[in-house]
Amino acid sequence: MTSFRLTPLAQSLPATVPFVGPETQERARARIFDARLGANENVFGPSPAATRAMAETPQWMYGDPESFELREALAAHYGITPETIMPGEGIDGLLGYLVRLMVGPGDAVVTSDGAYPTFNYHVAGHGGVLHKVPYKQDFEDLTALFAKAAEVDAKLVYLANPDNPMGTAHSGRDIVSAMSSLPEGTLLILDEAYIEFAPQGTPLPLPMDDPRVIRMRTFSKAYGLAGARVGYAIGAPELICAFNKVRNHFGMNRAAQAGALAALEDQTWLRSVQARVVASRNRIWDIARNNGLSPLKSAANFVTIDCRRDPAFAQTVLREMVARGVFIRMPFVAPQNRCIRVSCGTPADLDILAEVLPVALRAAEKC
């Protein structure tokens, strides 16, 4: 019998992925979802200019390994230098590269218990030790995160702002204030995947090259290019340059680079998407309230809804929604797992949500 010589670390890890995709669920159900409202995708899609750019991109050439044009355009957009920007295969890919650069067996890393699990997946894959702190009133707890980092001498602290899965957001000013207790030598990873949906005052009011923090942003959400996998890190030039030591230099495909460039140039389309997301959030809030539930205020393109019961009830509601053709998700960790999470959708999607949610709630009441 063949015996594959995996490393001891690889042998110790479970063969799992952080999320079960909707496609996997559809295959299990042998049915496509009527409304796909669980992956926080931008159902309003990318700019038509981005779609054309990707369709017209010659595919016989590799993508530019330096993503030169995209870096230049992002630098101009933010008024910073290209040396502070590193594009990559979505925030997930960039998190993987950063962890590979900084985390070895036994190294301490801090995150919130219940925060974005893909980051944890990367840390485990490199033998790091995760230290978690609980949320505080459905917000990531800045004071607790940085105190834990000091306690364990953490190399990295992960913070999503706006947060996933709760949709809550700290003001940038509050984060800067809390950073006074960030230990020297600890790098703050600020995941800003949803920043284009957040209210004014949410972005960090610090220079983009501040060496204490690396910001992760994406074209997957507001720009509607989740399938293209384009993200970018912004940070100190020395840290950004270090990505070249470990990254896949041809990981960014040419069509994705062209699509992101065209999307960035079409800020009018971005503003139209932002307006539609606000309208969608408002309707989800109304649907939730009309059914006796408590939606949380959201700074993202989804709404987390408190089912006002125990986690078992929320899990049953989710199961009943999925059984009726509506794909949603929920937070994994108590006490946030008393909630379900619904991504913004088209008016037609939300018509289905309004029809199915009360039926799912009645079914859950009977369980």
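Everything quoted here is computed from the prediction, not taken from an experiment.
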Surrounding [atom1] of [X] (heavy atoms of other residues, nucleotides or ligands, distance under 6.0 Å), is the total greater than 12?
X      : atom1 : result
Glu72  : CD    : yes
Phe68  : CZ    : no
Arg173 : CZ    : no
Gln200 : CD    : no
Phe243 : CZ    : yes
Tyr62  : OH    : no
Gln267 : CD    : yes
Gln11  : CD    : yes

I'd like to check [X] versus [Y] (side-chain heavy atoms, cut-off strictly below 4.5 Å). Are they in contact?
X      : Y      : result
Glu196 : Gln274 : yes
Lys155 : Thr186 : no
Asp191 : Phe119 : no
Pro295 : Ile284 : no
Phe302 : Cys344 : no
His249 : Asn244 : yes
Leu98  : Leu94  : no
Leu130 : Thr111 : yes

Evaluate the salt bridge (Lys or Arg N to Asp or Glu O under 4.0 Å) criterion for residues Glu26 and Arg36: first the C-alpha distance (whole Å), next the side-chain angles of each, then the deciding distance (0.1 Å), finally the verdict.
CA-CA 11 Å; Glu26 287 173 336; Arg36 181 169 165 139; 5.0 Å; no

Face-on cation placement of Arg247 at Tyr97 ring, 6.0 Å and 45° thresholds
no

Does this structure show an ion pair linking [X] with [Y], if we count only N-O contacts that are shorter than 4.0 Å?
X      : Y      : value
Arg217 : Glu192 : yes
Lys297 : Asp138 : no
Asp286 : Arg283 : no
Arg71  : Glu66  : no
Arg212 : Asp210 : yes
Arg309 : Glu365 : yes
Arg254 : Asp64  : no

Can [Y] be reached from [X] by stepping across I, L, V, M, F, W or Y side chains whose heavy atoms are under 4.5 Å apart?
X      : Y      : result
Ile240 : Leu101 : yes
Leu156 : Ile91  : yes
Val43  : Leu225 : no
Met102 : Val123 : yes
Tyr78  : Phe219 : yes

Whether [X] side chain and [Y] backbone form a donor-acceptor pair below 3.5 Å:
X      : Y      : value
His122 : Asp92  : yes
Arg362 : Leu357 : no
Arg341 : Gly38  : yes
Trp269 : Gly45  : yes
Arg324 : Glu320 : yes
Asn301 : Asn40  : yes
Asn164 : Tyr116 : no
Thr316 : Ala364 : no
Thr304 : Met166 : yes
Ser181 : Phe146 : no

Specify the closest pair of heavy atoms between [X] and [Y], including all atoms of both residues, with the distance to one decimal.
X      : Y      : answer
Ala115 : Tyr135 : CA-OH, 3.6 Å
Leu70  : Val230 : CD2-CG1, 4.0 Å
Glu140 : Ser112 : OE1-OG, 2.6 Å
Pro162 : Thr202 : CD-CG2, 4.4 Å
Pro199 : Ala299 : CD-CB, 3.8 Å
Pro165 : Gly114 : CD-O, 3.4 Å

With side chain to side chain contact (heavy atoms under 4.5 Å, CB included) as the criterion, how do Val110 and Lys132 come out once you've worked through the C-alpha distance, each side chain's angles and the decisive distance to 0.1 Å?
CA-CA 6 Å; Val110 172; Lys132 300 179 181 181; over 6 Å; no

Enter the distance from [X]:[atom1] to [Y]:[atom2] here, rounded to the nearest 0.5 Å.
X      : Y      : atom1 : atom2 : answer
Arg329 : Ser343 : CZ    : OG    : 8.5 Å
Gln336 : Asp163 : CD    : CG    : 8.5 Å
Leu74  : Met86  : CG    : CE    : 12.0 Å
Asp351 : Asp349 : CG    : CG    : 9.0 Å
Leu204 : Leu159 : CG    : CG    : 9.5 Å
Leu350 : Ile352 : CG    : CD1   : 9.0 Å

Walk me through it: do Asp306 and Arg338 pass the test salt bridge (Lys or Arg N to Asp or Glu O under 4.0 Å)?
CA-CA 6 Å; Asp306 189 340; Arg338 71 189 190 281; 2.9 Å; yes

Walk me through whether Asp209 and Ile80 qualify under side chain to side chain contact (heavy atoms under 4.5 Å, CB included).
CA-CA 9 Å; Asp209 60 354; Ile80 56 180; over 6 Å; no

